[in-house]
Amino acid sequence: MTFSDLGLSPKVLSAVTDAGYTQPTPIQAGAIPHALLGKDILGIAQTGTGKTASFVLPMLTRLEKGRARARMPRTLILEPTRELAAQVEENFIRYGKNHKLNIALLIGGVSFDEQDKKLERGADVLIATPGRLLDHRERGKLLLNGVEILVIDEADRMLDMGFIPDIERICEMIPFTRQTLFFSATMPPEITKLTEKFLHAPVRVEVSKAASAATNIIQRLVKSGSKPWDKRETLRNLMKAEDAELKNAIIFCNRKVEVSELFRSLLKYDFDAGALHGDMDQRARMQMLANFRDGKLRYLVASDVAARGLDIPDVSHVFNYDVPIHAEDYVHRIGRTGRAGRSGKSFTIATKSDTKYIDAIERLIGNKIEWHDGDLSTVVASEGGEDDAPRRGKGAPRRAGRKDDDRKDRGERKPRERHARHSEDAAPATVREDQPVVAEVEVADIGERRARKDAIRSENTERKSSDRNEQRAPERGDTRPQRDSNRPARHRQEDNDTTVGFGDDMPAFMRIVAKV
DNA sequence: AAAAAAT
């Protein structure tokens, strides 16, 4: 089977040939002929299976007839993250090089002006994340009743991210005479319901699960002490040990703050690292990703924003600095290496408290993962002894505890707690090799203070900080999460009686305001 | 224990 058997137009075929492809992947071979006939498709496939081309190529062929009208895009592709949306745009540019198509990318974090202009000109292809798309529509700049083909990509991830209501709204704005191409890696009940509602007699195309496809990736678990400095040291040793084989690597952390902390620590140790997480300035996000793709950065420290779908063809190593909480994320993360049949290596740093997550991962992939250098029973306890798990008082808020960890990492300590932590007090406070310089500590604290202010600011108050952030050029070192007072996480904190960061020292007046 | 997405 070759691409020329699928019924694609000569223009598309020639671009595919130029890109160096001759053989379609199973999902492409299964979906393209039906998509060209105008049928609805239900594609069950992970990324890395050639899924994107399975809708881009037939869409290009079908778009050769007709023209776009102002503010009435002819096709719409919905993606869960900004980076994925940008990646789909690149695919349209690559395979559409023989076409004269207007492509518009509507994503958040960048200015409206350019997006408006492209809509006004009439877009053949509109690629969007749901939030910004709805925003444009509400501003009256966008009419969706001319859409002939709708693509919903990564539907299960959209579900995880709470986008399904948005997706339903958008689907209802588009004429039911459209063709719908629907892709999901898994089919949870909510997704099945969605397909029953929005697909008409779909052709179902299913390809093998990524969990079983990862045989070309060497996977190892690496024991570590549980303190941040233990884990960072474990990681650095691992990176050095792998240096000869390592072309480039993505290092995954579970939290955004960890991404920026680890990133800064690695810079201090002269590793050629970048960072990527969703609270970074959009320009910095794009820049980091582009630099990593182009080989200007050897290491990319990232949150799960980079776990799925991102196509960086030649990642040699994946390091999990944290064991992912959800087992499926493990599969997605390690799937960033070993792409296109290449071999890859993944190392997952594990501490004692990670055992149950490791069990879940091993159950999911149906295999035991080998330990790199002895299992957790051989971990040497770090200075200051064991673990921090049971020591904290029952009534003490757990989240405040995390702040304490940050502080310890800088060699600081809350005076109040000193008596409760004798064992750690025995350790000299200044020996951390990667203790941040004082200036950085201060900057971080200012950020935290501002975040607290944000937390108590009323919903209606206009926020100017994000505007400022948009203007600002991305600085290489500035990866600290940009606290956004309107994010759901913020609300969750407000729901709690405890304002994060104050411990028991929170002034009473703040407690009242924070509850509002 | 999280992350992602509009302002």
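Chain naming here is simple, since letters A, B, ... match the order of the sequence lines and numbering starts at 1 in each. These values consider heavy atoms only, across backbone and side chains, with no hydrogens, waters or symmetry-generated copies. Keep in mind that this is a model prediction, so the values were computed, not measured.
The side chain of A:Glu138 lies closest to B:dA6 when the candidates are B:dA2, B:dA5, B:dA6. Taking every side-chain heavy atom of A:Val305 into account, B:dA4 is the closest of B:dA6, B:dA1, B:dA4. Considering only the side chain of A:Arg285, B:dA5 comes nearest among B:dT7, B:dA1, B:dA5.
To the nearest angstrom, P of B:dA1 lies 15 Å from NZ of A:Lys231. A:Tyr357 has its OH atom 10 Å from the C1' atom of B:dA2, to the nearest Å. Across the protein-nucleic acid pair, A:Arg82 atom CZ and B:dA4 atom C1' stand 9 Å apart, rounded to whole Å. Rounded to whole Å, atom P of B:dT7 lies 13 Å from atom CG of A:Asp113. Atom P of nucleotide B:dA5 and atom NZ of A:Lys256 are separated by 8 Å, given to the nearest angstrom. Separating the CD atom of A:Glu79 from the P atom of B:dA3 is a distance of 22 Å, rounded to the nearest angstrom. Distance A:Arg169 CZ to B:dA5 P: 18 Å, rounded to the nearest Å. In this structure, the CZ atom of A:Arg333 is 10 Å from the P atom of B:dA3, given to the nearest Å.
At a threshold of 4.0 angstrom between heavy atoms, the contacts of A:Asp135 include nucleobase atoms, whether or not backbone atoms are also involved. Across all strands shown, A:Asp160 has heavy atoms under 4.0 Å from base atoms, whether or not it also approaches the sugar-phosphate.
The ring-ring contact (aromatic ring centres under 6.0 Å, His included) search around A:Phe292 returns none, not counting sequence neighbours. With sequence neighbours left out, A:Ser316 forms a side chain to side chain contact (heavy atoms under 4.5 Å, CB included) with A:Leu246, A:Lys247, A:Asn248.
No hydrogens or angles were tested; on distance alone, a donor-acceptor pair under 3.5 Å links the side chain of A:His326 to the base of B:dA2.
Looking only at distances, no side-chain donor or acceptor of A:Asp329 sits under 3.5 Å from a matching main-chain atom of A:Ala307.
Considering only side-chain N and O atoms, A:Arg308 lies nowhere under 4.0 angstrom from the phosphate OP1 or OP2 of B:dA4. Under 4.0 angstrom from either OP1 or OP2 of B:dA4 there lies at least one side-chain N or O belonging to A:Ser303.
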| task | Applying side-chain contact (heavy atoms from CB on, under 4.5 Å), run through A:Ile250 and A:His317 and close with a yes or a no. | result | CA-CA 7 Å; A:Ile250 303 180; A:His317 285 63; over 6 Å; no
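A:Tyr330 and A:Glu362 share no donor-acceptor pair across their side chains, judged by distance under 3.5 Å alone.
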